Each structure stands twice: as structure tokens, then as C-alpha cells.
Amino acid sequence: MTVEISAILPVYNGGQYLAASIESILAQSFKNFELIIVDDASIDDSLEIAKKYAAMDSRVRVLENAENKKLPESLNVGFASARGAYWTWTSHDNLYRSNALEKLIAAIKNAPDAVLVAA
């Protein structure tokens with residue numbers, strides 16, 4: 001099956017919030033997505049948390065930056081690896097509502113000529 005949405009989640013020392021953020025994405029009503037977590041050389045438990053979820057759910061992939069590259073470059077690392085037809089991103093301290101990706105796909109399908117969608 002082709003992945004419809006790639007969600008990029010860059011994290012740097014966000015272990016305190018990361019599990020809740022990941023769980024909010026995995027609990028989506030829309031299921032055809034991949035979650036790419038980009039660990040930006042965290043020195044806390046972020047990488048271990050990310051790897052735990054990757055081991056539990058095949059939609060989750062973890063990429064590791066050898067050195068801290070900051071947010072824009074970490075996003076670029078994630079997007080370069082994305083396989084989805086559509087891309088989105090979130091932060092390690094954000095929570096998605098359970099229908100967030102469903103709303104994004106609906107907005108895209110309702111406006112096929114749009115170049116940017118926010119829901």
C-alpha cells in the first residue's frame with residue numbers, strides 16, 4: 001500500500017512530552033500514514049522513546065542526526081526520507097486531535113489545486 005501522509009516529528013531533548021505526542025499521532029482515525037521521528041542528537045531519553053514506538057508500530061521510523069542540526073535541517077532530513085503523497089510536521093510537545101489527519105486529507109480532496117492546506 002502506498003503511504004498517503006508522511007508526518008515528520010523532529011525532537012531535541014523532548015523526552016518529557018514525546019510519548020504523548022507520538023501516541024496522539026498513532027491514535028489517528030486516518031490510518032494510512034507514516035511517522036518519521038528525527039532525533040536531533042538528543043542527550044535525554046528521546047531517542048529511546050522513539051525507538052520503542054518504532055519497534056511497536058511499523059508506521060514509525062526513526063532517523064538520528066549525529067550532531068544537533070536544529071529544527072529546519074531536521075525537518076529537511078525527515079522530508080528527504082518521506083514516502084507519502086502529502087507531508088506534514090509536528091513538534092514533540094504538540095498533540096494531534098484524533099481526526100487531524102482525516103481533516104487534512106478531506107481539505108486536500110476538497111481543494112485539489114491548493115498548494116498548502118492547514119486544518
Side-chain angles (χ1 to χ4, degrees):
M1 176 196 308
T2 303
V3 174
E4 199 152 3
I5 298 176
S6 294
I8 312 303
L9 194 166
V11 58
Y12 176 70
N13 293 340
Q16 178 180 359
Y17 307 105
L18 184 58
S21 182
I22 293 169
E23 288 177 18
S24 78
I25 296 168
L26 295 179
Q28 290 297 298
S29 57
F30 182 86
K31 302 295 185 193
N32 187 6
F33 67 87
E34 66 176 347
L35 173 60
I36 302 170
I37 303 169
V38 181
D39 182 74
D40 198 17
S42 296
I43 57 173
D44 69 353
D45 60 349
S46 295
L47 182 59
E48 291 78 24
I49 293 168
K51 286 182 175 181
K52 177 183 93 171
Y53 282 94
M56 295 180 342
D57 193 313
S58 63
R59 296 174 298 176
V60 179
R61 290 191 289 137
V62 178
L63 305 176
E64 300 175 48
N65 291 342
E67 60 185 38
N68 184 262
K69 296 183 177 198
K70 308 290 187 216
L71 178 62
E73 184 60 28
S74 291
L75 285 170
N76 288 339
V77 167
F79 288 131
S81 179
R83 296 182 286 218
Y86 305 105
W87 300 348
T88 189
W89 75 280
T90 189
S91 298
H92 65 258
D93 58 350
N94 286 346
L95 300 177
Y96 271 27
R97 291 189 173 147
S98 63
N99 64 346
L101 296 181
E102 184 178 335
K103 283 186 166 189
L104 283 172
I105 285 296
I108 290 166
K109 294 191 185 221
N110 287 331
D113 294 333
V115 294
L116 177 67
V117 173

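The structure presented is a predicted model; accordingly, all values stated were derived computationally and were not measured.
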- Message: Assess the residue pair Leu26 and Val60 against the criterion (side-chain contact (heavy atoms from CB on, under 4.5 Å)); give the C-alpha distance rounded to whole Å, side-chain angles, the decisive distance to 0.1 Å, and a yes or no.
- Response: CA-CA 9 Å; Leu26 295 179; Val60 179; 3.7 Å; yes

- Please round to the nearest 0.5 Å and tell me the distance separating atom CD of Glu48 and atom NZ of Lys52. 11.5 Å

- Task: Identify the heavy atoms of Glu67 and Ala41 that sit nearest to each other, and give their distance.
- Result: C-CB, 3.6 Å

- Message: Could you check whether any side-chain heavy atom of Leu9 comes within less than 4.5 Å of a side-chain heavy atom of Leu18, counting everything from C-beta outward?
- Response: yes

- May I ask you to test the Tyr96-Leu101 pair for a side-chain heavy-atom distance under 4.5 Å? yes

- Establish whether Val77 and Trp89 are linked, either directly or via other cluster members, by ILVMFWY side-chain heavy-atom contacts under 4.5 Å. yes

- Check the hydrophobic clustering (I, L, V, M, F, W, Y; side-chain heavy atoms under 4.5 Å; chains of links allowed) and say if Val11 and Ile25 are grouped together. yes

- Query: Does the side chain of Ile43 come within less than 4.5 Å of Asn13's, by heavy atoms?
  - Reply: yes

- Same hydrophobic cluster for Phe79 and Leu71, using side-chain heavy-atom links shorter than 4.5 Å among ILVMFWY? yes

- Task: Return yes when atom OH of Tyr17 has more than 12 non-hydrogen atoms of other residues, nucleotides or ligands closer than 6.0 Å, and no otherwise.
- Result: no

- Would you please test Tyr12 and Asn68 for side-chain contact (heavy atoms from CB on, under 4.5 Å) and show each step? CA-CA 8 Å; Tyr12 176 70; Asn68 184 262; 3.0 Å; yes

- Task: For Lys31, look at atom NZ and say whether over 12 heavy atoms of other residues, nucleotides or ligands are found less than 6.0 Å away.
- Result: yes

- Task: Mark yes or no for whether Gln28, through its side chain, and Arg97, through its backbone, hold a donor-acceptor pair below 3.5 Å.
- Result: yes

- Got a second to check how far Ile49's CD1 is from Gln16's CD, nearest 0.5 Å? 10.0 Å

- Query: Any donor and acceptor pair, going by atom type alone, linking the side chain of Ser21 with main-chain N or O of Ser91 inside 3.5 Å?
  - Reply: yes

- Message: Would Asp57 and Tyr53 count as a side-chain contact (heavy atoms from CB on, under 4.5 Å) here? Give the steps.
- Response: CA-CA 6 Å; Asp57 193 313; Tyr53 282 94; 6.0 Å; no

- Query: Thr90 and Asn94: which non-hydrogen atoms are nearest, and at how many Å?
  - Reply: OG1-CB, 3.2 Å

- Identify the two heavy atoms, one from Asp39 and one from Ser46, that lie closest to each other, and give their separation to 0.1 Å. OD1-CB, 3.6 Å

- Query: Is there a side-chain contact between Val38 and Ser74 (heavy atoms, below 4.5 Å)?
  - Reply: yes

- Query: Under a 4.5 Å cut-off applied to non-hydrogen side-chain atoms, are Arg83 and Arg61 in contact?
  - Reply: yes

- Query: Side-chain contact, heavy-atom cut-off 4.5 Å: Pro10 with Leu75?
  - Reply: yes

- Query: After noting the C-alpha distance and the side-chain angles of Ser29 and Asn99, does the key distance pass the side-chain contact (heavy atoms from CB on, under 4.5 Å) rule?
  - Reply: CA-CA 5 Å; Ser29 57; Asn99 64 346; 3.9 Å; yes

- Item | Separation of Phe33 CZ from Thr88 OG1 (nearest 0.5 Å) | 12.0 Å

- Query: In Å and rounded to the nearest 0.5 Å, what is the CG to OG1 distance from Asn32 to Thr2?
  - Reply: 8.0 Å

- Message: Would a single hydrophobic cluster contain both Leu63 and Trp87, if residues Ile, Leu, Val, Met, Phe, Trp and Tyr are joined by side-chain heavy-atom contacts under 4.5 Å?
- Response: yes

- If Ile, Leu, Val, Met, Phe, Trp and Tyr residues are connected whenever their side-chain heavy atoms lie under 4.5 Å apart, and connections chain through other members, are Ile37 and Ile8 in the same group? no

- Roughly how far apart are Ile105 CD1 and Asn110 CG, rounded to 0.5 Å? 11.0 Å

- Item | From CG (Asp40) to CD (Glu64), nearest 0.5 Å | 11.5 Å

- Provide the closest heavy-atom pair for Val117 versus Ala114 in the form atom of the first, atom of the second, distance. CG2-CB, 4.2 Å

- Query: Taking side chain as C-beta onward, heavy atoms only, is Tyr86 less than 4.5 Å from Leu104?
  - Reply: no

- pair Arg59-Leu35: side-chain heavy atoms closer than 4.5 Å: no

